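The sequence lines fix the lettering, A, B, ..., with proteins before strands; numbering per chain opens at 1. If you're wondering where the values come from, they're calculated on a predicted model, not measured in any experiment.
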There are 2 protein chains.
Amino acid sequence: MPTPDRTSLAAIVEAGRAILEATGPSGVTMQAVAARVGVRAPSLYKRVRDRDALLAEVVQATADDLTARLERTDGGLAEIAAAYRRFAREQPEGFRLLFTASAPPDALRDAAVPVLRACEALVGADEALDAARLFTAWATGFLQMELSGAFRLGGDVDAAFDYATQRIIRALTT
Amino acid sequence: MPTPDRTSLAAIVEAGRAILEATGPSGVTMQAVAARVGVRAPSLYKRVRDRDALLAEVVQATADDLTARLERTDGGLAEIAAAYRRFAREQPEGFRLLFTASAPPDALRDAAVPVLRACEALVGADEALDAARLFTAWATGFLQMELSGAFRLGGDVDAAFDYATQRIIRALTT
DNA sequence: ACCTGAACACCGTTCAAGT
DNA sequence: ACCTGAACACCGTTCAAGT
């Protein structure tokens with residue numbers, strides 16, 4: 001006789017995200033996730049193939065979250081950059097995981113759309129892809145360096161972010 | 001009576017780098033490294049505190065390698081960018097590890113010097129730090145995206161690299 | 001002084017047995 | 001149909017015993 005389900009994929013993924021931010025990737029063990037959703041570790045295998053698949057679900061949920069934030073901007077590169085930075089600071093571990101082997105190949109496909117739109121408005125359709133790659137690479141690299149504490153030579157990191165945002169937008173405007 | 005050493009820290013680090021490139025970070029187990037240097041896993045703890053310390057040594061050796069390559073360029077940003085890309089393609093796993101929690105905080109301090117020099121020549125001392133952060137963030141982000149297969153929207157990735165290199169140098173020249 | 005086997009803790013994963 | 005305890009393989013790490 002079937003008993004009512006005691007958890008769900010969505011609950012498992014949310015638990016994974018919460019534990020990820022609290023402890024980093026190594027803390028996202030099957031046992032920790034299971035405990036948080038009120039179940040034993042082997043039960044998770046009814047909803048996810050293995051730990052890698054669970055992490056991939058966490059990454060996809062994080063990427064969808066990011067996409068929603070970028071879509072909520074005014075669509076300009078400056079606001080997109082600011083929203084991207086806010087996101088990375090709120091969910092540093094999730095942000096990092098986005099660019100890891102744990103990430104499913106197309107996780108960020110939707111998130112690229114608003115960036116492409118903004119770039120097409122600046123440089124036209126022909127150069128939009130190259131421009132989007134320039135902008136995305138810079139923003140992603142900057143945030144990863146900021147989060148990993150790589151900016152250790154002093155100076156104002158907020159000012160460096162604004163400096164680069166303006167120079168890049170100008171480089172894509174002329 | 002002391003017996004002659006059967007391995008060394010340098011040999012252990014080199015073994016770690018080789019295994020890293022062959023198998024990724026998860027393959028760098030104490031047993032795999034020990035086997036490669038001809039010793040049992042517990043012996044490694046005579047030279048390195050724990051696995052994290054071993055990975056930190058691997059990162060530092062990789063960073064020093066990168067510094068040497070950048071110093072061997074003509075000192076211009078275009079050549080630095082090209083050398084950085086060659087390095088990332090030759091040692092993708094080591095390159096990735098550079099921007100991970102495994103990296104010791106100051107691992108890339110020396111590698112930043114040639115970039116700062118190149119930027120100072122373009123924008124002057126006042127803006128050199130901001131400019132170096134712009135360039136480094138872009139290059140690092142671009143290479144990580146390229147290596148992780150994040151460029152999935154078609155187009156010529158080599159051309160995108162050149163496009164961005166030129167736009168960024170121009171943005172830092174005017 | 002370095003090296004090792006044995007042991008322990010911890011984790012991912014499988015599976016037969018429960019409801 | 002989902003859930004669980006028990007079991008297994010694997011890994012990091014410690015330590016007493018060897019040389």
Side-chain angles (χ1 to χ4, degrees), chain A residues 1-61 93-94 96-97 100-104, chain B residues 1-61 93-94 96-97 100-104:
Chain A
M1 185 155 75
T3 56
D5 293 4
R6 242 170 279 184
T7 185
S8 67
L9 179 59
I12 289 167
V13 174
E14 268 322 293
R17 292 183 74 180
I19 294 169
L20 175 67
E21 292 304 330
T23 68
S26 72
V28 185
T29 67
M30 298 303 270
Q31 299 183 35
V33 173
R36 187 175 245 263
V37 301
V39 107
R40 299 290 186 165
S43 299
L44 299 181
Y45 293 83
K46 286 286 154 183
R47 331 255 173 198
V48 332
R49 191 170 16 87
D50 55 18
R51 181 173 179 270
D52 275 354
L54 195 166
L55 287 177
E57 296 275 3
V58 166
V59 168
Q60 191 58 62
E93 298 290 349
R96 266 199 208 95
L97 213 60
T100 298
S102 302
Chain B
M1 187 155 78
T3 56
D5 294 5
R6 244 169 276 186
T7 185
S8 66
L9 178 58
I12 289 168
V13 173
E14 268 324 292
R17 290 181 76 179
I19 295 169
L20 175 68
E21 292 305 330
T23 68
S26 72
V28 185
T29 66
M30 299 302 271
Q31 300 183 35
V33 172
R36 188 173 244 262
V37 300
V39 107
R40 298 291 186 164
S43 299
L44 299 182
Y45 293 83
K46 286 286 157 184
R47 329 255 176 201
V48 50
R49 192 169 17 87
D50 55 19
R51 182 173 179 271
D52 275 354
L54 196 165
L55 287 176
E57 296 275 2
V58 166
V59 168
Q60 190 58 63
E93 298 289 350
R96 268 200 206 94
L97 214 58
T100 296
S102 302

### Query
How would nucleotides 12-17 of chain D be written as a contact map, 5' to 3', with B for base contact, S for sugar-phosphate-only contact and - for no contact, using protein heavy atoms under 4.0 Å?
SBBB--
### Task
I would like to know whether B:M30 and B:L54 meet side-chain contact (heavy atoms from CB on, under 4.5 Å); could you show each step before the answer?
CA-CA 9 Å; B:M30 299 302 271; B:L54 196 165; 4.0 Å; yes
### Query
Just checking A:S8: base, sugar-phosphate only, or nothing, at a heavy-atom cut-off of under 4.0 Å?
nothing
### Query
When all nucleic acid strands are considered with a 4.0 Å heavy-atom cut-off, which category describes B:S26: base, sugar-phosphate, or nothing?
nothing
When you measure from the side chain of [X] to the backbone of [Y], do you find a donor-acceptor pair of N or O atoms at a distance under 3.5 Å?
X: A:R47; Y: A:A10; result: no
X: A:E93; Y: A:T23; result: no
X: B:R36; Y: B:A11; result: no

### Query
So, is B:R47 close to the C:dA1 phosphate, meaning a side-chain N or O under 4.0 Å from OP1 or OP2?
no
#### Entry: C:dT4 phosphate, OP1 or OP2, under 4.0 Å from B:S43 side-chain N/O
yes
### Summary
Closest of D:dC2, C:dT4, D:dC3 to the A:D5 side chain is D:dC2
### Query
In whole angstroms, how far is the C1' atom of D:dC3 from the CD1 atom of A:I12?
12 Å
#### Entry: Rounded interatomic separation in angstrom, taking CG from B:L44 and P from C:dC2
13 Å
### Task
Treating a pair as Watson-Crick (purine N1 to pyrimidine N3 plus N6-O4 or O6-N4) or G-U wobble (N1-O2 and O6-N3) with both distances under 3.5 Å, list the stems of 3 or more consecutive pairs that involve DNA chain C.
C:4-8 with D:12-16, C:12-16 with D:4-8
### Query
Are B:L55 and B:V28 side-chain neighbours, meaning at least one heavy-atom pair lies under 4.5 Å?
yes
### Task
Would you mind reporting whether B:L97 and B:L20 have side-chain heavy atoms less than 4.5 Å apart?
yes
### Message
Closer than 4.0 angstrom, basic N to acidic O: yes or no for B:K46 and B:D5?
### Response
no
### Summary
Minimal heavy-atom distance between A:A61 and A:V13, with the atoms involved, is CB-CG1, 3.9 Å
